[in-house]
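Here the structure comes first, spelled out in structure tokens, and everything after it is commentary.
Keep in mind that this is a model prediction, so the values were computed, not measured. Just so it is clear: chains get the letters A, B, ... in the order the sequence lines come, proteins before strands, and each one is counted from 1.
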Amino acid sequence: MIVRTRFAPSPTGFLHIGGARTALFSWAYAKKHGGAFILRIEDTDVARSTPEAVQAILDGMQWLGLDYDEGPFYQMQRMDRYKQVIQTMLQQGSAYYCYSSKTELDTLREQQMADKQKPRYDGKWRPEAGKVLPAIPTDISPVIRFKNPQDGVVVWDDLVKGRIEIANSELDDLIIARADGTPTYNFCVVVDDWEMGITQVIRGDDHVNNTPRQINMLKALGAKIPQYAHLSMILGGDGQKLSKRHGAVSVMQYDEDGYLPEAVLNYLSRLGWSHGDEEVFSMHQFCEWFDLDHITSSAAQFNTEKLNWLNNHYIKQASAESLLGDITKRLAKLNVSVSETPNLPAVIDLYKERANTLNELAASIAYFYQKPIMDLVAAEKHLTVEIKPAIATLADLLKAVDWQAEAIHHAINEVVTQYQLKFPKVAMPLRVMLTGIAQSPSIDQVMKLMGREEVLARITNH
RNA sequence: GUCCCCAUCGUCUAGAGGCCUAGGACACCUCCCUUUCACGGAGGCGACCCGGGUUCGAAUCCCGGUGGGGACGCCA
């Protein structure tokens, strides 16, 4: 059997981290099995769906490199087909019109809640053999409901959670078409998963409760039942549920914040899934290893520190050339324009191992291209009056020295010897004068990149 | 309330009855490297939710608690 998976977001917001992981797992499953990954936009909620959200989802997937083999399909463009299927169901008796009004239903729900019962439709308009239906009201346009079986249980072997059984008595007759005739989510999903030949439905576990209803409809339609895999949710760093109000951000925010897609992908892969002790791996490797058996069924908390660690890894691994354009852009955002010297790729190479994000990297090298911002605490500590003569001597030496890290290092050593100091006694003030702060890579390397003229100018300024 | 799901270090996880005095990773701490900060290297701290059972033997199986989460829309 050819594997066909899908990612089916509703375009009511950006692609967040949970959606991204769901997409990633679906994508990887299809890749692993040489199958097809399908993108389907579930935009039947006309009031909340927006073209901007569609674009945001597409952008997010593109940034992550989650390419789809088919789609994007839009449910709004498949209305005719859904309506056809509804007509068929009406004819064969697996669906029926319901004239209960919204207020009637609301009252019913409140009453059931008050009686500590599970709120559900009371079956008022459900046709049964020998049952006399109420007179059809003239002022109400009916909805269409699915005639769910009342006996027995729905069972499926969830690929993540194992066997799940839900009694039909727990289910009620759900609405499959609204009063205006438009089909609802649970119904569209069924038709689409069926007609798109989806073999594995991989989705968030907030859909577990929809699954038995969908299986029943699939059965009513005589469709093959796909396998289901319900992924647990991702919690925020504080263990709280992610929501728009609380911590849920677009994957594009990670781009903005200086994360590499490789790092985000690698991080997400290990959130709820594992392959022994493997922590760092490419997407190519992930697709080979990925399976549904090693997915954890409990919710996972998002941990920025680990993401940072992975991001640092991928930044270190990236070539300076590949980061060049990105870093230039990020410097521009800091109002720093890159000049020809110091050579940006060389600077990136020297600094990339110390940055957790590309933003940090850009910020850390800004002083090569603009006047350093003096850290007053560091200045007070290191730029002492006593050290001035030694620095002056060094400045003289530097005018003539061969401008290589090693020669510069020797020059500093000469001064150290002459004044009988420890190396840091000279290196630290130098560092602060040149960079404004007390931490940097090896000072001779920094000086070499900065250039003789600029180094001398910055020393003279103090 | 009803139904469903979940439960190993602070966090992500390994673990399919004996390989478990519970392994790895992030974070944290110490030391080494060192020119400061990082990187890197070596150590350390640190967990099987509770109670019963099954078994020669349970983190692993069963039952019951407790705790957390989800669903219960003419939203998706």
Side-chain angles (χ1 to χ4, degrees), chain A residues 8-12 42-45 47-49 75 98 100-102 105-106 109 112-120 141-145 158 160-162 164-167 169-172 174-186 188-189 204-212 230 232-233 235 237 239 241 267 270-280 293-294 296-310 312 316 351-356 364 378 382 409 412-413 416 422-428 430-432 435 437-444:
Chain A
S10 64
T12 54
E42 312 218 317
D43 53 357
T44 53
D45 184 353
R48 293 199 300 155
S49 299
Q75 290 188 321
C98 165
S100 294
S101 69
K102 270 186 190 175
L105 259 17
D106 286 344
R109 199 177 356 258
Q112 288 166 326
M113 292 284 252
D115 293 346
K116 308 202 167 193
Q117 286 181 327
K118 188 173 185 165
R120 69 225 307 168
S141 29
V143 298
I144 300 171
R145 289 185 185 267
D158 196 276
V160 172
K161 293 180 186 289
I164 299 179
E165 290 189 25
I166 291 172
S169 57
E170 289 298 326
L171 273 22
D172 64 357
L174 74 155
I175 292 170
I176 59 175
R178 303 178 180 94
D180 65 4
T182 57
T184 59
Y185 164 77
N186 267 300
C188 297
V189 167
D205 71 356
D206 47 332
H207 288 290
V208 166
N209 293 278
N210 289 324
T211 306
H230 288 101
S232 297
M233 55 190 304
L235 272 21
K241 187 192 174 181
Y267 178 72
R270 276 293 281 103
L271 203 56
W273 175 85
S274 60
H275 185 78
D277 289 341
E278 302 293 342
E279 296 286 351
V280 182
D293 301 334
H294 291 83
T296 330
S297 41
S298 55
Q301 210 168 305
F302 193 88
N303 184 246
T304 307
E305 266 103 41
K306 190 151 182 182
L307 208 213
N308 283 343
W309 172 72
L310 278 166
N312 172 254
K316 275 188 289 187
Y351 281 72
K352 66 183 184 185
E353 74 173 24
R354 19 194 346 112
N356 280 337
S364 72
H382 298 291
H409 192 94
I412 299 173
N413 264 335
V416 164
K422 296 270 189 205
F423 194 97
K425 229 23 195 167
V426 179
M428 287 310 292
L430 204 47
R431 176 170 283 122
V432 174
T435 70
I437 54 176
Q439 307 89 321
S440 83
S442 187
I443 194 63
D444 45 18

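- Heavy-atom nearest nucleotides on RNA chain B were determined for A:Ile175 and for A:Ala300, and the one closer to the 5' end corresponds to A:Ala300.
- The side chain of A:Ser274 lies closest to B:rU13, out of B:rC12, B:rU13, B:rC4.
- When the nucleotides B:rC5, B:rU35, B:rA25 are ranked by their closest atom to the side chain of A:Ile164, B:rC5 comes out on top.
- In this structure, the CG atom of A:Leu235 is 17 Å from the P atom of B:rG10, given to the nearest Å.
- B:rC48 makes up no base pair with any nucleotide shown, lacking Watson-Crick or G-U wobble contacts both under 3.5 Å.
- Taking a pair to require two hydrogen-bonding distances under 3.5 Å in either a Watson-Crick or a G-U wobble arrangement, B:rU66 pairs with B:rA7.
- At a threshold of 4.0 angstrom between heavy atoms, the contacts of A:Leu271 are confined to the sugar-phosphate backbone, with no base atom among them.
- Taking only side-chain atoms of A:Asp45, from C-beta outward, the nucleotide of B:rC74, B:rA71, B:rC75 with the closest atom is B:rC75.
- Using modelled atom types, one finds no donor on one side chain facing an acceptor on the other under 3.5 Å when comparing A:Asp205 with A:His230.
- Side chain of A:Leu105, nearest nucleotide from B:rC74, B:rU36, B:rC12: B:rC74.
- A salt bridge links A:Glu279 with A:Lys306: the closest approach of a Lys/Arg side-chain nitrogen to an acidic carboxylate oxygen falls below 4.0 angstrom.
- The aromatic rings of A:Tyr267 and A:Phe302 sit perpendicular, their planes meeting at an angle over 60°, well past the 30° parallel limit.
- Note on A:Thr304: nothing from the nucleic acid sits closer than 4.0 angstrom, heavy atoms only.
- Note on A:Arg120: nothing from the nucleic acid sits closer than 4.0 angstrom, heavy atoms only.
- Nearest-nucleotide positions on RNA chain B place A:Lys306 closer to the 5' end than the other of A:Lys306 and A:Ile443.
- As a whole-Å value, the separation of A:Arg270 CZ from B:rA25 P is 11 Å.
- Under the rule for a ring pair (Phe, Tyr, Trp, His ring centres under 6.0 Å), A:His382 has no partner lying at least two apart in sequence or in another chain.
- Counting any heavy atom pair closer than 4.0 Å across all strands shown, A:Ser232 reaches no nucleic acid atom.
- Within the nucleic acid shown, A:Ser442 comes within 4.0 Å of at least one base atom, counting heavy atoms only.
- Side-chain polar atoms of A:Asp180 and A:Thr182 form a donor-acceptor pair below 3.5 angstrom.
- When side chains are defined from C-beta on, A:Asp206 does not count as touching A:Val208, because their heavy atoms never get closer than 4.5 Å.
- Among the heavy atoms of the strands, none lies under 4.0 Å from A:His230.
- At a threshold of 4.0 angstrom between heavy atoms, the contacts of A:Asn210 include nucleobase atoms, whether or not backbone atoms are also involved.
- Checking B:rG1, B:rG70, B:rG15 against the side-chain heavy atoms of A:Asp206 singles out B:rG70 as nearest.
- No hydrogens or angles were tested; on distance alone, a donor-acceptor pair under 3.5 Å links the side chain of A:Glu279 to the base of B:rG24.
- Taking every side-chain heavy atom of A:Glu353 into account, B:rC39 is the closest of B:rC39, B:rG70, B:rC74.
- Listed by chain and residue number, A:Trp289 satisfy the ring pair (Phe, Tyr, Trp, His ring centres under 6.0 Å) test with A:His275 (two or more places apart in sequence, or in another chain).
- The side chain of A:Lys316 lies closest to B:rC39 when the candidates are B:rC39, B:rC74, B:rA76.
- Within 4.0 Å (heavy atoms only), A:Ser297 reaches sugar-phosphate atoms of the nucleic acid but no base atom.
- Within 4.0 Å (heavy atoms only), A:Lys422 reaches no atom of the nucleic acid at all.
- As judged by a 4.0 angstrom heavy-atom cut-off over every strand, A:Pro9 is placed among residues making no nucleic acid contact.
- A 3.5 Å limit on both hydrogen-bonding distances identifies no Watson-Crick or G-U partner for B:rC33.
- Side-chain proximity of A:Tyr185 to B:rA76, B:rU2, B:rU35: nearest is B:rA76.
- Shown here, B:rG18 forms a base pair with B:rC56; the pair counts as Watson-Crick or G-U wobble because both key distances fall under 3.5 Å.
- Within 4.0 Å of A:Thr182, counting heavy atoms only, lies no atom of the nucleic acid at all.
- Of the candidate nucleotides B:rC74, B:rG24, B:rU35, B:rU35 has the atom nearest to the side chain of A:Phe423.
- Using a 4.0 Å heavy-atom cutoff across all strands shown, A:Lys161 reaches sugar-phosphate atoms only and no base atom.
- No contact: A:Gly239 has no heavy atom under 4.0 Å from any strand.
- At the heavy-atom level, A:Gln117 lies under 4.0 Å from base atoms of the strands shown.
- Between A:Trp273 atom CH2 and B:rU11 atom P the separation is 22 Å, expressed in whole Å.
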